[in-house]
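Both counts, for ligands and for their atoms, begin at 1 and track the order of listing.
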Amino acid sequence: MTRRKDLLDIESLSREEIDHLLSAARPFKDLLRRSVGKVPPLRGRHVLTLFYEPSTRTRSSFEIAAKRLSADVTNFTVSTSSVVKGESIIDTIDTLQAMQVDYIIVRHGSSGVPNLIARHTAASVINAGDGHHAHPTQGLLDAFTMQEALGQNLAGRRIVIIGDILHSRVARSTSTILTKLGAEVAFFGPGSLIPADRRQGIPALRTFDEVFDWKPDVIYLLRIQMERQKDQFFPSLREYHRLYGVTDERLAVIRQRGLPIMHPGPVNRGVELVDSVMTYEHCLINDQVENGIACRMAVLHWLQPKTAVRAMD
Ligand code: CP
């Protein structure tokens with residue numbers, strides 16, 4: 001299979017490429033579990049993380065993945081860089097390119113910035129989340145985690161994604177990869193946070209009773225993203241929790257059915273879910289974090305920068 005230079009979204013990946021990345025992540029997970037130190041594929045390569053927005057999971061996960069593959073890693077701290085003096089994205093990239101980096105992991109609040117950078121550099125660019133647009137490695141790690149929980153073939157499996165679909169790059173990337181793998185997806189949340197132009201005929205459920213009647217195999221909760229909401233989309237967080245949150249009563253139904261619960265993090269306790277979800281036996285939130293490293297190792301290993309391979313000692 002031809003290797004790509006960049007990973008910018010899930011939409012542009014073929015089914016074959018998705019299957020390849022999910023399969024490639026499995027031995028990397030075994031390797032992480034066996035505590036084998038580093039493996040050599042990215043020896044002599046340099047990975048730069050460039051995050052214009054905060055991150056706990058994605059950034060550290062990429063850093064661990066790159067180091068496990070023997071790459072050197074530099075974390076570019078936007079808040080203490082010349083970006084705060086007004087340096088443009090392209091000038092920043094030109095400067096970093098001159099330092100011979102091979103991979104740029106970028107997160108930005110505006111959709112399309114990773115694409116812009118990818119067209120401007122020989123380094124491989126991985127989108128670590130851009131605006132409302134895409135978060136492709138989150139989609140991969142979610143699909144990988146569901147395969148572990150439900151079996152490798154997700155065709156016909158039902159996943160309900162609950163919450164702020166409108167502002168969520170996670171909802172977009174995860175629903176796209178699941179659809180490509182043959183799973184059925186439904187959305188549930190405040191009407192104001194469900195996009196009217198839903199693609200691929202994704203149904204919108206209106207109540208939690210409808211969610212349970214739809215017989216999902218996975219409950220996937222999204223974070224309410226206050227920082228992306230310019231308008232008020234629902235009356236209050238208490239009201240959101242009452243209508244759309246996993247309460248103790250709803251958790252009892254979920255437990256009785258043995259349904260996995262997933263969430264990309266960070267969670268808003270008392271809003272999307274009650275505390276007891278975090279200790280629920282089929283809560284997969286920590287599995288998602290662990291699987292993120294294996295999936296990102298698979299992505300880094302697969303991509304092919306157009307930078308020169310430097311001599312190794
Ligand atoms: N899921 C996710 O993108 O988390 P971070 O914002 O912590 O990277």
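Taking the charged nitrogens against the carboxylate oxygens, Lys67 and Glu63 do have a contact shorter than 4.0 Å, which makes a salt bridge.
Distances from atom 6 (O) of ligand 1 to the heavy atoms of His263, Arg169, Glu53, Arg107 show the closest one on Arg107.
Residue-to-ligand polar distances keep Arg59 apart from ligand 1: every N/O pair is separated by 3.5 Å or more. Remark: ligand 1 and Pro264 share an N or O pair separated by less than 3.5 Å (distance only, no angle test).
Those atoms of ligand 1 that come under 4.0 Å of a heavy atom in Gly265, given as number and element, are 1 (N), 2 (C), 4 (O). For ligand 1, the atoms closer than 4.0 angstrom to any heavy atom of Thr56 are 5 (P), 7 (O), 8 (O).
A heavy-atom separation below 4.0 Å is not found between Gln288 and ligand 1.
The environment of CZ in Arg238 is sparse: at most 12 heavy-atom neighbours from other residues, nucleotides or ligands sit within 6.0 Å.
Listed for the Lys5 side chain is a donor-acceptor partner under 3.5 Å among the backbone atoms of Ala118.
The protein heavy-atom contact nearest to atom 2 (C) of ligand 1 is Thr58 OG1, 3.5 Å. Scanning the protein for heavy atoms near atom 4 (O) of ligand 1, the closest one is Arg57 NE, 3.1 Å.
Because its NZ or CZ atom is both nearer than 6.0 Å to the ring centre of Trp214 and within 45° of the ring axis, Arg158 counts as a cation-pi partner of that residue.
Nearest heavy atoms, Phe144 versus Cys295: CB-SG, 3.7 Å.
Defined by atom type and a distance below 3.5 Å, a donor-acceptor pair is present between the side-chain atoms of Gln138 and Asp142.
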